[in-house]
Amino acid sequence: MVSELSSISALVTGGAGFIGSHLTESLLEHGATVTVLDHLESHTPKDIPTQAELIEADVRDTETMDEALHSVDVVFHLAAVVSVARSVEDPIGSHTVNADATLNLLELARKHDVRVVIASSSAIYGQPEYTPIDEAHPIQPESPYGIDKATIDQYARAYHEFYGLETVALRFFNVYGPGQTAGDYGGVISIFKEQAEAGNPITVDGDGSQTRDFVHVSDVVDALLLAARTDHVGEAFNIGTGAETSIAELAETIREVTETDSEITYTDPRPGDIDHSVAEITKAREQLGFDPGLSLRAGLETFLG
Ligand code: UDP
């Protein structure tokens, strides 16, 4: 275990992406040595701080991954195809990147004795049987994406059990914040933000009574940094805030924070939509020392309006 962030050498896969770029910045601010591995399909090298070393590669490139893991203490594995819809269209493509490449990474981490922090997801719980969702909730994903994340979440635990590898799986709930775009998979907050800023209607699916646990990317970065140092390895942790917000309430708050008068429209519900999702974060609080600081309104104010 490395106790001081300033003395660690970290590899961030997907380091040019939404969460990865925030993590990279924070690691550099703490004085860590950072290598970003990213295929730069949706980003350019200038998105990556010059103090970080850049390896432009795909996580499926085993040889490059092997070299990249050679001299680091911890790998934050954030590279993924982050789209439920794309995983339904192309389950094999999603599995190859999200699951196969992660298993490969775990195997390389075993070879080089590197701690692995993986990005798991609340998608592994599917339609929850109860809320708040704790880590003991049944794993019953309802999309290829959720199945891929469940697979790597379990492999992370198993690699600790079988081989003593230091692994931590963070089950992210609905992450939002600066840098997230409404593109292929932006999440509802970035979609509503773009709609409100353009003065277009804010499009709520269904009646808006469905709920989510929105967690700001700066709190997610804190969780990642805690995972790099925790003694509680071989474990999975929910990373949310424990606060539940309806999509109708979210639409209202975004309208207020952006000071627009966009109309809020209600359309057909999204087929298979999860009704209610909110994290029980006691385990992360007690074992990681995770303490999410930003309320949704304060979090939205960091990048809206
Ligand atoms: N949503 C919505 N309008 C949109 C996009 C999403 O009302 O334009 C709703 C969606 O139906 C869901 C919630 O927002 O109930 C969160 O959707 P997102 O895709 O961000 O996350 P997930 O469903 O994977 O938790």
Side-chain angles (χ1 to χ4, degrees), residues 17-19 80-89 91 94 98 119-129 131-133 137 139-150 153 170-217 219-220 238-255 257-258 260 262-281 296 299-300 303-304:
F18 166 48
I19 299 174
V81 180
V82 191
S83 165
V84 170
R86 266 170 73 182
S87 80
V88 174
E89 276 162 32
S94 171
N98 293 343
S120 182
S121 166
S122 59
I124 70 172
Y125 297 120
Q127 189 70 255
E129 286 177 6
T131 58
I133 304 166
H137 184 284
I139 290 175
Q140 46 198 20
E142 291 181 352
S143 65
Y145 173 78
I147 293 170
D148 294 340
K149 289 290 179 182
D153 182 290
L170 299 182
R171 297 176 177 172
F172 298 144
F173 279 63
N174 291 68
V175 185
Y176 72 97
Q180 192 177 37
T181 53
D184 188 26
Y185 177 81
V188 63
I189 290 186
S190 51
I191 294 170
F192 284 3
K193 168 186 187 286
E194 289 194 7
Q195 290 172 335
E197 286 174 352
N200 291 330
I202 297 176
T203 55
V204 173
D205 297 336
D207 65 4
S209 62
Q210 70 273 34
T211 58
R212 293 293 186 275
D213 185 337
F214 295 104
V215 58
H216 194 270
V217 67
D219 286 323
V220 167
N238 284 345
I239 301 301
T241 64
E244 191 173 9
T245 305
S246 76
I247 302 305
E249 206 181 322
L250 172 72
E252 283 293 347
T253 310
I254 288 185
R255 201 163 61 164
V257 175
T258 54
T260 51
S262 285
E263 179 195 357
I264 298 176
T265 61
Y266 295 85
T267 57
D268 288 340
R270 192 164 76 179
D273 205 6
I274 303 293
D275 297 329
H276 299 291
S277 169
V278 58
E280 168 62 70
I281 58 168
L296 180 59
L300 289 172
F303 75 116
L304 296 183

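Just so it is clear, the values below take in all heavy atoms, side chains as well, and ignore hydrogens, waters and symmetry mates. Start at 1 and go down the list; that is how both ligands and their atoms are numbered.
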J.: At a 4.0 Å threshold, what atoms of ligand 1 neighbour a non-hydrogen atom of G187?
T.: 20 (O)

J.: Tell me the protein heavy atom at minimum distance from atom 23 (O) of ligand 1, and give that distance in Å.
T.: R270 NH2, 2.4 Å

J.: Report, in ascending order of atom number, the atoms of ligand 1 lying under 4.0 Å from any heavy atom of I247.
T.: 7 (O), 13 (C), 14 (O)

J.: Consider ligand 1: state whether an atom of it lies below 4.0 angstrom from any non-hydrogen atom of F192.
T.: yes

J.: How far apart are the C-alpha atoms of Q210 and H276, what are their side-chain angles, what is the distance that settles it, and do they pass the side chain to side chain contact (heavy atoms under 4.5 Å, CB included) test?
T.: CA-CA 6 Å; Q210 70 273 34; H276 299 291; 5.6 Å; no

J.: If you measure from each heavy atom of N174 to ligand 1, is any distance below 4.0 Å?
T.: yes

J.: With a 3.5 Å cut-off and no angle check, do the side chains of T260 and E197 form a donor-acceptor pair?
T.: no

J.: Measure the distance from atom 24 (O) of ligand 1 to every protein heavy atom, then report the residue, atom name and distance (to 0.1 Å) of the closest one.
T.: Y185 OH, 3.9 Å

J.: Provide the number and element of each atom of ligand 1 under 4.0 Å from a heavy atom of I191.
T.: 5 (C), 8 (O)

J.: Identify the closest protein heavy atom to atom 3 (N) of ligand 1: which residue and atom is it, and at what distance?
T.: T203 O, 2.7 Å

J.: Give the intermediate values and the outcome of side chain to side chain contact (heavy atoms under 4.5 Å, CB included) for residues F173 and S277.
T.: CA-CA 8 Å; F173 279 63; S277 169; 3.6 Å; yes

J.: Starting from atom 25 (O) of ligand 1, find the nearest protein heavy-atom neighbour and note its residue, name and distance.
T.: R212 NE, 2.7 Å

J.: As a test of understanding, state which of V278, I189, I274, L296 forms a side chain to side chain contact (heavy atoms under 4.5 Å, CB included) with R212.
T.: I274

J.: Under 4.0 Å from any heavy atom of V204, which atoms of ligand 1 are there?
T.: 7 (O)

J.: Under 4.0 Å, heavy-atom basis, I'd like to know which part of D205 is in contact with ligand 1: side chain, backbone, both or neither.
T.: both

J.: Can a side-chain donor-acceptor contact be found between Y145 and R86 if the only test is distance below 3.5 angstrom?
T.: no

J.: Can you pull out the closest protein heavy atom to atom 20 (O) of ligand 1? Residue, atom name and distance to 0.1 Å, please.
T.: V188 N, 2.8 Å

J.: How far is atom 11 (O) of ligand 1 from its nearest protein heavy atom, and which residue and atom is that?
T.: D273 OD2, 2.8 Å

J.: Report the relative orientation of the aromatic rings in F303 and Y176; use parallel for angles under 30°, tilted for 30 to 60°, perpendicular for over 60°.
T.: tilted

